Amino acid sequence: MKKSYLFAAALAAGMSFASCSNDEVVENVATQSTLGVEKVGLQGLNSRAGITATSFTNGESLSLFIYQGNKDAGFNTAYNDGGNTSDQNVEYTLGAEGWAPKTLPIVLSSKIGTVYAAYTGAWSDTNVDPSAIAITVAANQESGQSDGSKDANGQVDYMWADPVENVSNASKVVASDLKSGSKVDLKMNHALAMITFKFQNSSENASKYPGVGNVTSIKLYNSDTSTKEPIRSGAAILNIATGAIDGAKPAADGITIAPTAQPLMDETGADKLARMLVYPSANFTAGEAKMEFVVDEVKYTLNVPALADQTDATKGYVAGNNYIYTLTMKGTALEISSVSIKEWKDVPAGEGDIENPDAQ
């Protein structure tokens, strides 16, 4: 397909300037080049869009957009003027030789533009508005033990790139050799927050938990008295220039997962840890959100505690942060010990003992 496009581009240029000299033909086409993607990073690392994966693998796709002007100009002026070139929602796919357009590339000229990118798990060829990329946080996230890269499991790690400004043709090329011009490095940002649950047995012999540690259900939900209803789900839209999310609604029945890889007691394997993806939330008072766990057929209900550096309020869930709740079983009690992160961004979230759990 690439060779066909290059031939067509050269042929079109030759036809358009048949009445001009050869020098003029070369000079005109020389003002064009194609946009290349050098590398895709996540918070400065070559990590991929995916909860547990550590690198991109062949076949994943990004949606690329380019508009004239700087990022402050927004999505107001198209970069190209139509024809057989594309400048919006162009699929760039990772292959053995790196990132390349799947079909037609973005063709650059002397115009100055800004490049935007999105990762949505599965590229779509439908009309896409970069200020309103459709995203979804499922209320039922199935096992919660996926890598977050596919939509089939109810968890997609939606991402957007820091806008790359001052993009144009980088060098002149001859008419028969329309080469890659400017190459951009994309720094991807997680649009959602992640919550991971770890379970461990008490280290105190006198309070050891006697069960196996089969965690068959986890639910995160708004309390009946919540005024901010921080736990949200369903459809929303993402602006890939800013990362802003709009339209998410409070999760009427919370967000649930039903881990299938068991038991989870003292489990540390990334492919077995139970996790949720949630919309970012504003600050909310401790107790406005609750967690419900079914461990060895016994239900425990806990308040989401305040963070370590707060007195009575939780900062709220922040996009790009992975909140790892470590829960310790002590006899018949469940304790939230700490919150931290591994691959996204470390976020201490405090400690707290939960007395008298709601056991059934």
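No experiment lies behind these values; they were computed from the predicted model shown. FYI, the numbering just counts along the sequence from 1.
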Visitor: Walk me through it: do Leu192 and Ile245 pass the test side chain to side chain contact (heavy atoms under 4.5 Å, CB included)?
Guide: CA-CA 9 Å; Leu192 305 177; Ile245 294 174; 4.2 Å; yes
Visitor: Could you state the interatomic distance from CD1 (Ile257) to CD (Glu142), rounded to the nearest 0.5 Å?
Guide: 11.5 Å
Visitor: Looking at Asn127, I'd like to know if its CG atom is crowded, meaning that more than 12 non-hydrogen atoms belonging to other residues, nucleotides or ligands lie closer than 6.0 Å.
Guide: no
Visitor: Are Val318 and Val278 joined in one hydrophobic group, where the rule is that I, L, V, M, F, W and Y side chains link up if heavy atoms are under 4.5 Å apart?
Guide: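 Yes, one cluster joins them.
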Visitor: Looking only at atom types and distance, does a side-chain atom of Asn80 sit under 3.5 Å from a main-chain N or O of Ser86, one as donor and one as acceptor?
Guide: yes
Visitor: When clusters are formed by joining ILVMFWY residues with side-chain heavy atoms under 4.5 Å apart, either directly or through shared neighbours, do Leu273 and Met329 land in the same one?
Guide: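 Each belongs to a different hydrophobic cluster.
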Visitor: Please verify the inter-ring angle class for Tyr323 with Tyr317; under 30° counts as parallel, over 60° as perpendicular, anything in between as tilted.
Guide: perpendicular
Visitor: Within the 4.5 Å heavy-atom criterion, are Thr301 and Lys290 side-chain neighbours or not?
Guide: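 Contact flag for Thr301/Lys290 side chains = yes.
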Visitor: Tell me if the aromatic rings of Phe75 and Tyr67 count as close, with their centers under 6.0 Å from one another.
Guide: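 Centroid distance Phe75-Tyr67: below 6.0 Å, so yes.
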Visitor: So, does Gln145 use its side chain to make a donor-acceptor pair with the main chain of Pro259 at under 3.5 Å?
Guide: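 Checking the backbone N and O of Pro259 against the side chain of Gln145, no donor-acceptor pair under 3.5 Å is found.
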Visitor: Is the backbone N or O of Gly287 less than 3.5 Å from a side-chain atom of Ser223, with the two atoms forming a donor-acceptor pair by type?
Guide: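 Yes.
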Visitor: Could you tell me whether a side-chain N or O of Glu267 sits under 3.5 Å from a main-chain N or O of Gly269, the two making a donor and an acceptor?
Guide: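 At least one qualifying donor-acceptor pair exists.
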Visitor: Between Tyr300 and Thr332, which heavy-atom pair has the shortest distance, and what is it?
Guide: CE2-O, 3.3 Å
Visitor: For residues Ile255 and Ser233, report the shortest heavy-atom separation together with the two atoms involved.
Guide: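 Heavy atoms only, the tightest pair is CG1-CB, 4.4 Å.
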Visitor: Check the side chains of Asn201 and Asp266 for a donor-acceptor pair under 3.5 angstrom, ignoring hydrogens and angles.
Guide: no
Visitor: Does a side chain donor of either Ser131 or Asp129 reach within less than 3.5 Å of an acceptor in the other side chain?
Guide: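 A donor-acceptor contact under 3.5 Å links the two side chains.
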Visitor: Short question: side chain of Asn189, backbone of Ile240 - any donor-acceptor pair under 3.5 Å?
Guide: no
Visitor: Is a side-chain N or O of Asn214 found less than 3.5 angstrom from the main chain of Asp296, in a donor-acceptor match?
Guide: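 Judged by distance alone, no pair lies under 3.5 Å.
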Visitor: With heavy-atom distances below 4.5 Å as the criterion, would you say the side chains of Val156 and Thr120 are in contact?
Guide: no
Visitor: Let me see the working for Gln141 and Val137 under side chain to side chain contact (heavy atoms under 4.5 Å, CB included), right down to the final yes or no.
Guide: CA-CA 8 Å; Gln141 296 185 16; Val137 167; 3.6 Å; yes
Visitor: Measure from the side-chain N and O atoms of Asn222 to the backbone N and O of Ile231, and report whether any donor-acceptor pair falls under 3.5 Å.
Guide: yes
Visitor: Start with the C-alpha gap between Val295 and Tyr209, add the side-chain angles, then the distance that decides, and say whether side chain to side chain contact (heavy atoms under 4.5 Å, CB included) holds.
Guide: CA-CA 11 Å; Val295 184; Tyr209 175 69; 3.9 Å; yes
Visitor: Side chains of Asn322 and Ile195: closer than 4.5 Å at any heavy-atom pair?
Guide: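 Result no, sub-4.5 Å side-chain heavy-atom pair not found.
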Visitor: Got a second to check how far Thr256's OG1 is from Ile218's CD1, nearest 0.5 Å?
Guide: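 One finds 10.0 Å between OG1 of Thr256 and CD1 of Ile218.
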Visitor: Is it true that Trp123 and Ser63 share a donor-acceptor pair across their side chains at a distance under 3.5 Å?
Guide: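 Checked: Ser63/Trp123 side chains pair up, N/O donor to acceptor below 3.5 Å.
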Visitor: For residues Met276 and Leu220, determine if any side-chain heavy atom of one lies less than 4.5 Å from a side-chain heavy atom of the other.
Guide: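 Heavy-atom side-chain distance check passes, below 4.5 Å.
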Visitor: State plainly whether the residues Glu288 and Lys228 are in salt-bridge range, i.e. N to O under 4.0 Å.
Guide: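 No, this pair does not count.
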Visitor: Taking the six-membered ring for Trp and the full ring for Phe, Tyr or His, determine whether the centres of Tyr79 and Phe65 are under 6.0 Å apart.
Guide: no
Visitor: Taking a hydrophobic cluster as the set of Ile, Leu, Val, Met, Phe, Trp and Tyr residues connected by side-chain heavy atoms closer than 4.5 Å, whether directly or through intermediates, do Leu302 and Tyr325 fall within one such cluster?
Guide: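 Same cluster: Leu302 reaches Tyr325 through Ile, Leu, Val, Met, Phe, Trp or Tyr contacts under 4.5 Å.
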Visitor: If I take atom OG1 from residue Thr136 and atom CG from residue Leu277, how far apart are they, to the nearest 0.5 angstrom?
Guide: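 So the OG1 of Thr136 and the CG of Leu277 are separated by 12.0 Å.
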Visitor: Nearest 0.5 Å, please: how far is NZ in Lys198 from CZ in Arg275?
Guide: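 If I round to the nearest 0.5 Å, the distance is 9.5 Å.
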Visitor: Could you tell me whether the side chain of Tyr92 reaches within less than 4.5 Å of the side chain of Pro101, counting heavy atoms only?
Guide: yes
Visitor: Could you walk me through whether Tyr221 and Met291 pass the side chain to side chain contact (heavy atoms under 4.5 Å, CB included) check?
Guide: CA-CA 7 Å; Tyr221 61 101; Met291 299 176 179; over 6 Å; no
Visitor: Considering only heavy atoms from C-beta outward, does the side chain of Trp160 approach that of Met188 to under 4.5 Å?
Guide: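 No, side chains not in contact.
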Visitor: Provide the closest heavy-atom pair for Glu91 versus Ser61 in the form atom of the first, atom of the second, distance.
Guide: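 Shortest heavy-atom separation between Glu91 and Ser61 comes out as OE2-OG, 2.7 Å.
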Visitor: Just checking, any donor-acceptor pair under 3.5 angstrom between side chains of Gln200 and Thr328?
Guide: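 Yes, a side-chain donor-acceptor pair sits under 3.5 Å.
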Visitor: So does Val215 get a backbone contact from the side chain of Gln262, meaning a donor-acceptor N/O pair under 3.5 Å?
Guide: yes
Visitor: A side-chain contact here means heavy atoms from C-beta on lying under 4.5 Å apart; do Phe197 and Phe293 qualify?
Guide: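 Sidechains of Phe293 and Phe197: in contact.
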Visitor: For Lys249, look at atom NZ and say whether over 12 heavy atoms of other residues, nucleotides or ligands are found less than 6.0 Å away.
Guide: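 Result for NZ/Lys249: open.
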Visitor: For the hydrophobic clusters of this structure (ILVMFWY residues joined by side-chain heavy atoms under 4.5 Å, transitively), does one cluster hold both Ile112 and Val164?
Guide: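 No, because Ile112 and Val164 fall into different hydrophobic clusters, even though each may have its own neighbours under 4.5 Å.
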Visitor: Are the side chains of Glu204 and Lys330 in touch, meaning some heavy atoms are under 4.5 Å apart?
Guide: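 When only atoms from C-beta onward are counted, Lys330 and Glu204 do touch, with a gap below 4.5 Å.
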Visitor: Taking all non-hydrogen atoms of both residues into account, name the closest pair between Lys208 and Ser203 and its distance.
Guide: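 Closest heavy-atom pair between Lys208 and Ser203: NZ-CA, 4.2 Å.
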Visitor: Working to the nearest 0.5 Å, report the span between NZ of Lys272 and OG1 of Thr260.
Guide: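 Reported to 0.5 Å precision, the distance equals 10.0 Å.
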Visitor: Does Tyr279 reach the main-chain N or O of Gly234 with its side chain, forming a donor-acceptor pair under 3.5 Å?
Guide: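 Pair found, side chain donor or acceptor close to backbone of Gly234.
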Visitor: Which heavy atom in Gly247 sits nearest to a heavy atom in Ala236, and how many Å separate them?
Guide: C-CB, 4.1 Å
Visitor: So, Ser207 and Ser202: side-chain donor and acceptor under 3.5 Å apart, yes or no?
Guide: yes
Visitor: Grab the two heavy atoms, one from Leu186 and one from Leu62, that are nearest each other, plus how far apart they are.
Guide: CD1-CD1, 3.9 Å
Visitor: When hydrophobic residues are tied together by side-chain contacts of less than 4.5 Å, even through go-betweens, does Ile237 share a cluster with Val128?
Guide: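 Each belongs to a different hydrophobic cluster.
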Visitor: Counting only N and O atoms by type, is there a donor-acceptor contact under 3.5 Å from the side chain of Asn239 to the main-chain atoms of Ala132?
Guide: no
Visitor: Give a yes or no on whether Asp224 atom CG has more than 12 heavy-atom contacts from other residues, nucleotides or ligands under 6.0 Å away.
Guide: no
Visitor: Which distance, rounded to the nearest 0.5 Å, do you find between the CD of Glu165 and the NZ of Lys71?
Guide: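 The NZ atom of Lys71 is 5.5 Å from CD of Glu165, to the nearest 0.5 Å.
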Visitor: Between Asn169 and Ser109, do the side chains contain an N or O donor and an N or O acceptor separated by less than 3.5 Å?
Guide: no
